Colleague: 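Supplied in structure tokens, the structure appears directly below.
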Amino acid sequence: MTKSFTQNDLIRYIYQEMSASESGEFVQALQLNPVLMQEYLDLLGSLEHLDHLFKEPSERVVGQIKRMARSSKGLEKV
């Protein structure tokens, strides 16, 4: 019986969260199913794109957080 894999399985494979046997089945499914392979490649491309995005907040956001931290607005007195 052929197991169908979901997008969740794609993510689990990429993040190495599958058992060795399940990973083997998944690799075999990738080789036999061009649609699954394309989804896998698309997801890898998306993840690579995410790696290039900014990883730090802008100075404006940091400034707003610091201003809020210095003010007593919204803070509960204990």
Side-chain angles (χ1 to χ4, degrees):
M1 182 170 100
T2 304
K3 179 180 181 199
S4 60
F5 289 94
T6 65
Q7 197 164 39
N8 188 45
D9 293 320
L10 286 167
I11 293 168
R12 289 178 47 237
Y13 177 74
I14 288 171
Y15 286 105
Q16 300 173 356
E17 295 177 348
M18 289 184 165
S19 67
S21 63
E22 190 177 18
S23 183
E25 289 177 31
F26 186 79
V27 168
Q28 187 174 23
L30 282 174
Q31 294 169 344
L32 298 173
N33 185 335
V35 173
L36 183 63
M37 177 61 86
Q38 188 58 54
E39 288 178 12
Y40 171 70
L41 294 173
D42 289 346
L43 187 55
L44 281 180
S46 296
L47 289 173
E48 184 177 322
H49 179 70
L50 286 174
D51 287 340
H52 293 16
L53 295 177
F54 292 103
K55 296 181 183 179
E56 295 179 13
S58 68
E59 289 297 319
R60 185 179 65 82
V61 169
V62 172
Q64 288 175 338
I65 292 170
K66 286 180 177 179
R67 278 191 296 284
M68 287 299 293
R70 284 190 292 263
S71 78
S72 60
K73 274 187 173 178
L75 296 179
E76 243 180 71
K77 301 286 184 200
V78 181

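Please read all numbers here as calculations on a predicted model, not as lab measurements.
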Colleague: Quick one: are Y15 and L10 in side-chain contact, heavy atoms under 4.5 Å?
Modeller: no
Colleague: Within a 6.0 Å radius of atom CD on Q7, are there more than 12 heavy atoms belonging to other residues, nucleotides or ligands?
Modeller: no
Colleague: Fit a plane to each ring of Y40 and F26, take the angle between them on a 0 to 90° scale, and name the class: parallel (under 30°), tilted (30 to 60°) or perpendicular (over 60°).
Modeller: perpendicular
Colleague: Please tell me if the side chains of L32 and M37 come closer than 4.5 Å, counting only heavy atoms from C-beta onward.
Modeller: no
Colleague: Yes or no on side-chain contact (heavy atoms from CB on, under 4.5 Å) for I65 and V61, after CA distance, side-chain angles and deciding distance?
Modeller: CA-CA 6 Å; I65 292 170; V61 169; 3.9 Å; yes
Colleague: So for atom CD, which belongs to Q28, do other residues, nucleotides or ligands contribute more than 12 heavy atoms lying within a distance under 6.0 Å?
Modeller: no
Colleague: Considering only heavy atoms from C-beta outward, does the side chain of V27 approach that of Y13 to under 4.5 Å?
Modeller: yes
Colleague: CG of L30 to CD of Q38: how many Å apart, nearest 0.5 Å?
Modeller: 11.5 Å
Colleague: Return the CD to CG distance between E48 and L43, rounded to the nearest 0.5 Å.
Modeller: 12.0 Å
Colleague: Taking side-chain hydrogen bond (donor to acceptor under 3.5 Å, both in side chains) as the test, write out the residues that go with N33, two or more places apart.
Modeller: none
Colleague: Would you say that I11 contacts E17 through its side chain, given a criterion of any heavy-atom pair below 4.5 Å between the two side chains?
Modeller: no
Colleague: Given the rule in the side-chain contact (heavy atoms from CB on, under 4.5 Å) test, do D9 and M18 qualify, once you have shown the distances and angles that lead to the verdict?
Modeller: CA-CA 8 Å; D9 293 320; M18 289 184 165; 3.8 Å; yes
Colleague: Sub-3.5 Å donor-acceptor pair from the side chain of S46 to the main-chain atoms of D42, do we have one?
Modeller: yes
